[in-house]
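These figures come from a predicted structure and were not determined experimentally.
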Amino acid sequence: MRTDKRTDTAPERTSAAAPTAPGRLPLAGHAPWLHRDALRFVGELRRHGPVAKIYIGPRPVHVLNSGELVRELLTVRARSFDKGAMFDALRVPLGDGLITAAGDRHLRHRRMMQPAFHHDRIARYARVMAERAQARSAAWEPGTTRDLMPDIHRLTLDILLGTLFAHPQDPGLRPAVKDWLTVKYHSMRLALSPLHAWAEHVPLLRGWRPPDPGPLRRLVAVQRRIVETYRADGRDRGDLLSMLLLADGPDGALTDAEVTDELITLFLAGTGTVSAALAWALHEISRRPGVQRRLHDELDTVLAGRPPGFEHLPALLHTRRILTETLRLHPPSWLLMRRAVQPVRLGGVRFAPGDEVFFSPYALHRDPHLYEDPERFDPERWPRDGAVRTPRHTYLPFGAGSRLCIGEDFAWTELTLALAALTAHRRITPADDAPVRPLVGTVLRPDRLLLTGHPRNPS
Ligand code: HEM
């Protein structure tokens, strides 16, 4: 791991002096470059120093290229920023859950939801995760080639449904969630895109594909029915929903409408991200026999033929290193943003209320000042002894500070159990030589995942 020295020596600058990245076009600004090859564009911005200015259409956005500055933004300066225009837009299809909530509402919901993600609860959810992952693995016939992407989506949705609702007796739930997730991706693509600000100025795009409110309405109706059933007996069913309903704070419990918003937020935050990470992990190990051999050695020793469970997690160190490296090289949340809510100075730049700031975990994680040979997938770059310690300002797949992913431990548990279940009894290889490219959307995922699973007997 390298130390980022650049910010220590960065000269104080005024806003006007922050360098504008080359390639700004009349009207469109840098939007076409972002649209054409966003990952390359954000990666190259570091050449212009710790803070670079880009224009999305007519709007300036400052991009932070230094881990120290990102850390400062997310921690000590966090109160001076909210999440920004894109998240305002997201409140329409999503409601106002933890991801979009600001200020006191965010603080209150965060405190009330935290117990649902405590270690002892995750241990309970792990049973559901392990069982669903085992079932999905069993459905992959030995010796066959599969497009794993739909399997992975199904698995992460099964796990989220199973951990949110221990007793999903309502038969309408699954189809309602699936419909909503499908529509959601279309309706939110623009809201979440870095081009959102630009699109606001382009009437054709502004009117682009208005979201169909039907699926959201149906999903909310099913959730309300489930919430009523739960409220009727007030029991803790060991699931996430019970925790949301039991949560209490100085201002009282969450209302039914607030609970519904949070459930929808969890569907959004807890499926696509995990699917992308698991897909990238399988993609990487399918191309690296050495990494896979070490994985198998570890799984054979630790599991000794048993299905993976929560109790095995502390010993699955190489598995965890593979996932740590996967989230470094392919962070699903590749671009994050904030908006100043009061005058604030950061990296020598003065921000006025309304000014927007972007930073890219993807670009930071591939910065050669921070990681040696950053483009190389190498789980061995992470320490072997004990839990993997990740540097908090240079390793940001889950963000940091008060908006740190509340589902981080949930995600590590799910990813580790799923990767172990899917690989313990098979060796995986790519089914062909076709290149796999990153698909840049609301999350970053591989555009294809065609793998062959060769049967193996754990030694
Ligand atoms: C590999 C999987 C995941 C990744 C990479 C990921 C990434 C992130 C990131 C980067 C943030 C912070 C965004 C920001 O600062 O603007 C975030 C927030 C959040 N994540 Fe995750 N996440 C993952 C899995 C999950 C899961 C499984 C859940 C829930 C079951 C979840 C729920 C949330 C919620 C509710 C927030 C908002 C937290 C707040 O603002 O207080 N995430 N996630």
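For the pair His296 (side chain) and Thr423 (backbone), a donor-acceptor distance under 3.5 Å is present. A donor-acceptor pair under 3.5 Å is formed between the side chain of Arg426 and the backbone N or O of Leu422. Checking side-chain atoms of Arg110 against main-chain N and O of His106 turns up no donor-acceptor pair under 3.5 Å. A side-chain donor-acceptor contact under 3.5 Å links Arg328 to the backbone of Pro374. Checking side-chain atoms of Asp355 against main-chain N and O of Ala340 turns up no donor-acceptor pair under 3.5 Å. When atom types are taken as modelled, the side chain of Arg445 and the backbone of Ser275 share no donor-acceptor pair closer than 3.5 angstrom. A donor-acceptor pair is defined here as one N or O able to donate and one able to accept, closer than 3.5 Å; no such pair exists between the side chain of Ser137 and the backbone of Ala133. A donor-acceptor contact shorter than 3.5 Å is absent between the side chain of Tyr125 and the backbone of Glu414. With Asp261 contributing its side chain and Asp96 its backbone, the two residues share a donor-acceptor pair below 3.5 Å. Trp280 contributes a side-chain N or O that, together with a main-chain N or O of Leu444, makes up a donor-acceptor pair within less than 3.5 Å.
Between Ile406 and Gln114 the shortest side-chain heavy-atom distance falls below 4.5 Å. You'll find the side chain of Trp140 reaches within 4.5 Å of the side chain of Ile428, heavy atoms only. Contact of the Trp412 side chain with the Ile122 side chain is not registered, since no non-hydrogen atoms from C-beta on lie closer than 4.5 Å. Contact of the His153 side chain with the Pro150 side chain is not registered, since no non-hydrogen atoms from C-beta on lie closer than 4.5 Å. With a 4.5 Å cut-off on side-chain heavy atoms, Thr319 and Leu295 count as touching. Side-chain contact between Leu316 and Leu419: absent, with no pair of heavy atoms (C-beta onward) separated by less than 4.5 Å. Between Trp33 and Glu44, the closest side-chain pair of non-hydrogen atoms is not below 4.5 Å. Contact annotation: the side chain of Leu74 never approaches that of Phe81 to less than 4.5 Å [non-hydrogen atoms, C-beta and beyond].
Nearest heavy atoms, Leu329 versus Tyr362: O-CE1, 3.9 Å. When all heavy atoms of Pro332 and Leu327 are compared, the pair lying nearest together is CD-CD2, 3.6 Å. Nearest approach of Gly399 to Leu404, heavy atoms of both residues: O-CD1, 3.4 Å. Heavy atoms only, all atoms of each residue included: Glu298 and His318 are closest at OE1-N, 2.6 Å. Minimum heavy-atom separation, Gln342 to Arg79: OE1-O, 4.3 Å. Closest of all the heavy-atom pairs between Val51 and Pro19 is O-CD, 3.5 Å.
Note that the CG atom of Leu155 and the CG atom of Leu160 stand 11.0 Å from one another [nearest 0.5 Å]. With rounding to the nearest 0.5 Å, the separation of OG1 in Thr429 from CG in Leu451 is 7.5 Å. Note that CG of Asp88 and OG1 of Thr100 are 9.0 Å apart. Values are rounded to the nearest 0.5 Å. Distance check, rounded to the nearest 0.5 Å: CZ of Phe87 to CZ of Arg403 gives 8.5 Å. Residue Leu263 holds its CG atom at 8.5 Å from CG of Leu240, rounded to the nearest 0.5 Å. Note that the OH atom of Tyr55 and the NE2 atom of His30 stand 9.0 Å from one another [nearest 0.5 Å].
With respect to Glu68 and Arg71, no salt bridge is recorded, no charged nitrogen being found less than 4.0 Å from a carboxylate O. Ion pairing of Glu258 with Arg108 is present here, as a side-chain N (NZ or NE/NH1/NH2) and a carboxylate O approach within less than 4.0 Å. Salt bridge absent: Asp378 and Arg381 never bring a charged side-chain N and a carboxylate O closer than 4.0 Å.
The 12-atom threshold is exceeded at CZ of Arg105, counting heavy atoms of other residues, nucleotides or ligands nearer than 6.0 Å. Atom CZ of Arg174 sits in a crowded spot, with more than 12 heavy atoms from other residues, nucleotides or ligands closer than 6.0 Å. Enclosure of atom CG in Asp104 is not indicated, since only 12 or fewer non-hydrogen atoms of other residues, nucleotides or ligands lie within 6.0 angstrom. More than 12 heavy atoms of other residues, nucleotides or ligands shown are found within 6.0 angstrom of CZ on Arg287. Counted within 6.0 Å of CZ on Arg437, heavy atoms from surrounding residues, nucleotides or ligands total 12 or fewer; the atom is thus considered open.
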request  = Dump the intermediate steps for side chain to side chain contact (heavy atoms under 4.5 Å, CB included) on Trp382 and Leu317, then the final yes or no.
outcome  = CA-CA 10 Å; Trp382 302 102; Leu317 295 176; over 6 Å; no
Chi angles and distances behind the side chain to side chain contact (heavy atoms under 4.5 Å, CB included) call for Asp432, Arg448 = CA-CA 11 Å; Asp432 56 34; Arg448 60 203 298 278; 2.9 Å; yes
request  = Go through the steps to decide whether Glu375 and Arg366 satisfy the test side chain to side chain contact (heavy atoms under 4.5 Å, CB included), and finish with yes or no.
outcome  = CA-CA 6 Å; Glu375 302 292 326; Arg366 290 175 182 239; 2.6 Å; yes
Derivation and outcome, side chain to side chain contact (heavy atoms under 4.5 Å, CB included), residues Leu64 and Leu346 = CA-CA 10 Å; Leu64 304 185; Leu346 188 64; 3.8 Å; yes
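Exactly one of Asp147, Leu148, Val436 qualifies for a side chain to side chain contact (heavy atoms under 4.5 Å, CB included) with Leu450. That residue is Asp147. For the salt bridge (Lys or Arg N to Asp or Glu O under 4.0 Å) criterion with Glu356, the lone passing option out of Arg59, Lys83, Arg338 is Arg59.
Ring geometry for His283 against His330 counts as perpendicular: the plane angle is over 60°, on a 0 to 90° scale with 30° as the lower cut. Classification of the His365-Tyr371 ring pair by plane angle, with boundaries at 30° and 60°, yields perpendicular.
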